[in-house]
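All values below were derived from every heavy atom in this structure, side-chain atoms included, with hydrogens, water molecules and symmetry-related copies excluded. In what follows, every chain begins at residue 1, and chains take the letters A, B, ... in the order their sequences are listed.
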There are 2 protein chains.
Amino acid sequence: MTSLRKTSSPTSSKTLQRSPCVVSNVLEIIGDRWTLLLVRDLLFFNKHEYKEFLASPESIATNILADRLKKLVNEGLVGEITHPENKSRKLYYLTAKGKDLMPILVEIVRWGAAYLPETAEMRVIFERIKSNPDLLKAQILESLEQWEHQILNAH
Amino acid sequence: MTSLRKTSSPTSSKTLQRSPCVVSNVLEIIGDRWTLLLVRDLLFFNKHEYKEFLASPESIATNILADRLKKLVNEGLVGEITHPENKSRKLYYLTAKGKDLMPILVEIVRWGAAYLPETAEMRVIFERIKSNPDLLKAQILESLEQWEHQILNAH
DNA sequence: AGTATCTACTTGCAAAATGCAAGTGGATCT
DNA sequence: AGATCCACTTGCATTTTGCAAGTAGATACT
């Protein structure tokens, strides 16, 4: 869509309606492997820093990571602040809009659990989804809010 | 991932585990704009033919469409038969595995309804999701099964 | 104070995926 | 038999991705 080189416009979610269909418009924002993997990291794995995203097993390239973070921030799904203990670091976190992607992620995990060979890494989340998905969602939100309380409020 | 030119391997869902994470592996299959738009067409808009997919407002290119249909069939999300009334036409339909993507699609629509400017086209589905999502799901499955009964069983 | 290191990027370039326009080949219609 | 419809395929230009290397600012180390 937008070139990697071009600085994306600062005005947020200008989402020019390409299609009359919501699904299509949503996919313009998150219908890309890397974007959703970042949301996964923010949501399920408590990652908040550039280097943490880089360390994910899918090994995203640095330019793609920078690009996707910028887009996520521009779309208002993610916020950023400088690390309270180190000016050269940044912290990224999900906004309400970003957190609300959780149901989508949960359904993705559920589908994967049903149809894909099992993977150890996600086993815990599988089980929690199977036994009580609403509880899992609540607990994830709770842990995100705790982080926010510690970091954002102090900021 | 695989080149467009190369004929994708006939052995279905060989899904080589690139990542230990389910989300990542699911996204290898459906984490692409066009693929999910085809699922949308099959699920929400009762489309079953190549030309119908081409007619969607996002105007997919013919080579991409052919490629994605092939992948969907290889992954076992979609099945195909020749049109009962015309050998040169084909009918595509969702398998159980494909239909089970519905919760993901529904959550995408729900998120879009909450955060994106409203679009007339999807209004009806919005409302049905809001008032009774499980009923909607049941009704969609029912209508797909009716189609299957008409077409597939007769085949 | 000066140098190394860490951190979040940017840049250049090759390879892959996408989009577009124009075929192709088989089935059907007239 | 010729035209038309249909599901693709092909060639090529453009865009996006992936990789490796660089850069600039902040911190840590001596």
Inset, instruction - Take nucleotides 20-30 of chain D nucleotide by nucleotide from the 5' end and write B, S or -, depending on whether a protein heavy atom sits under 4.0 Å from the base, only from the sugar-phosphate, or from neither. - result: BB----SS---

Rounded to whole Å, please give me the gap between [atom1] in [X] and [atom2] in [N].
X       : N      : atom1 : atom2 : result
A/Tyr92 : C/dT7  : OH    : C1'   : 11 Å
B/His83 : D/dC8  : NE2   : P     : 14 Å
A/Ile64 : D/dT15 : CD1   : P     : 16 Å
A/Lys70 : C/dC9  : NZ    : P     : 8 Å
A/Leu54 : C/dT7  : CG    : C1'   : 10 Å
A/Leu69 : C/dT10 : CG    : P     : 11 Å
A/Asp67 : C/dT10 : CG    : C1'   : 12 Å
A/Lys47 : C/dT7  : NZ    : P     : 15 Å

For the side chain of [X] and the backbone of [Y], is there at least one donor-acceptor N/O pair under 3.5 Å apart?
X        : Y        : result
A/Ser19  : A/Cys21  : yes
A/Tyr50  : A/Thr62  : yes
B/His48  : B/Tyr92  : yes
B/Asn132 : B/Arg128 : no
A/Lys97  : A/Glu75  : yes

Legend entry - Residues which pass salt bridge (Lys or Arg N to Asp or Glu O under 4.0 Å) with A/Glu80, listed by chain and number, not counting sequence neighbours: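 Checked A/Glu80 against salt bridge (Lys or Arg N to Asp or Glu O under 4.0 Å); matches are A/Lys90.
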
Legend entry - Among D/dG18, D/dC8, D/dT17, the one nearest B/Ala66 by side-chain distance: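 From the listed options, D/dC8 comes nearest.
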
OP1, OP2 of [N] versus side-chain N and O of [X]: anything below 4.0 Å?
X       : N      : answer
A/Arg68 : D/dT17 : yes
B/Trp34 : C/dG19 : yes
B/Lys90 : D/dA7  : no

Legend entry - A/Phe45-A/Leu37 co-clustered via ILVMFWY side chain contacts under 4.5 Å: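 Looking at the clustering, A/Leu37 is in the same group as A/Phe45.
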
